[in-house]
Amino acid sequence: MHTARVSSHTGLIVETTVQTQAVRKAVEIVGGEEQLGARLGLSAGTIRLFVTGRINLPQRLFLQVVDIISGESAPIEKPAARYGRSRETD
């Protein structure tokens, strides 16, 4: 299903699809475009392109977005938590 709306950011008509709606919801859930980009390995600018419908979301990424929305995605570990020093005592 496709609908159109006027972007509050640019004033341009933006096509709204299930994919763009899903990305917007995922942005809300994770706390912003930068956070979603970090989860998906993308820049915030690329996320913005998906949100505005300027580029189509590849199926692989769409499935990751659906996982985030459904609450089935694994939490992000900070690199230090995974690769940092161990807490061994001397």
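If you're wondering where the values come from, they're calculated on a predicted model, not measured in any experiment.
A side-chain contact (heavy atoms from CB on, under 4.5 Å) with Gln59 holds for exactly one of Leu57, Leu63, Asn56; it is Leu63. The only option from Val65, Asp67, Val66 that meets the side-chain contact (heavy atoms from CB on, under 4.5 Å) definition with Ile69 turns out to be Val65.
Atom CZ in Arg24 sits 10.5 Å away from atom CD in Glu33 (nearest 0.5 Å). Considering CD of Gln35 and CD1 of Ile29, their distance stands at 13.0 Å, rounded to 0.5 Å.
Here the side chains of Ile55 and Phe50 are in contact, with some heavy-atom distance below 4.5 Å. Residues Thr20 and Val51 form no side-chain contact, since every pair of their non-hydrogen atoms from C-beta on lies 4.5 Å or further apart. For the pair Leu61/Val23, no side-chain contact is recorded, criterion being any heavy-atom separation below 4.5 Å from C-beta on.
The heavy-atom pair separating Ile68 from Arg39 by the smallest distance is CD1-CD, 3.7 Å.
Looking at Thr46, its side chain never comes within 3.5 Å of a backbone N or O of Leu42 through a donor-acceptor pair.
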